[in-house]
Amino acid sequence: MSKAQAQQMVDAYIAAELDVLDGKNVIINGKTFGSEDLEQIRKGRLEWERRLSGYSRPNGGFNFAKF
């Protein structure tokens, strides 16, 4: 997955979160979310933000072990 695709997912989750807070139902990847799913939407956004931040770190956030 590219950095641009990860950013698109973050943007989609942010839009979904705003829509749900506005009282709307939203569909992400074929699944319908409503206000009762707000916590799940936020977890999804945080996961995609974590993946996106990995593109900013050297080696994707992983280091070699140093002994």
Is Leu46 close to Glu49 at the side-chain level, that is, under 4.5 Å between some pair of heavy atoms? yes

Run the side chain to side chain donor-acceptor pair (under 3.5 Å) test against Arg51 and tell me which residues pass, sequence neighbours left out. Glu47

If you measure from OG on Ser35 to NZ on Lys24, what distance do you get to the nearest 0.5 Å? 14.0 Å

Determine whether Met1 and Trp48 make a side-chain contact, defined as any pair of heavy atoms from C-beta on separated by less than 4.5 Å. yes

When you compare the side chain of Ile41 with that of Arg45, does any pair of heavy atoms fall below 4.5 Å? no

In Å, rounded to the nearest 0.5 Å, how long is the span from CG of Leu52 to CZ of Arg50? 11.0 Å

Please examine the side chains of Tyr13 and Ile28, heavy atoms only from C-beta on, and report whether any two atoms are closer than 4.5 Å. yes

So the side chain to side chain donor-acceptor pair (under 3.5 Å) pairs with at least one residue in residues 25-34 (sequence neighbours excluded) are none

Answer yes or no: is there a side-chain heavy-atom contact under 4.5 Å between Val20 and Asp37? no

Is there a donor-acceptor pair under 3.5 Å between the side chain of Gln5 and the backbone N or O of Ser2? yes

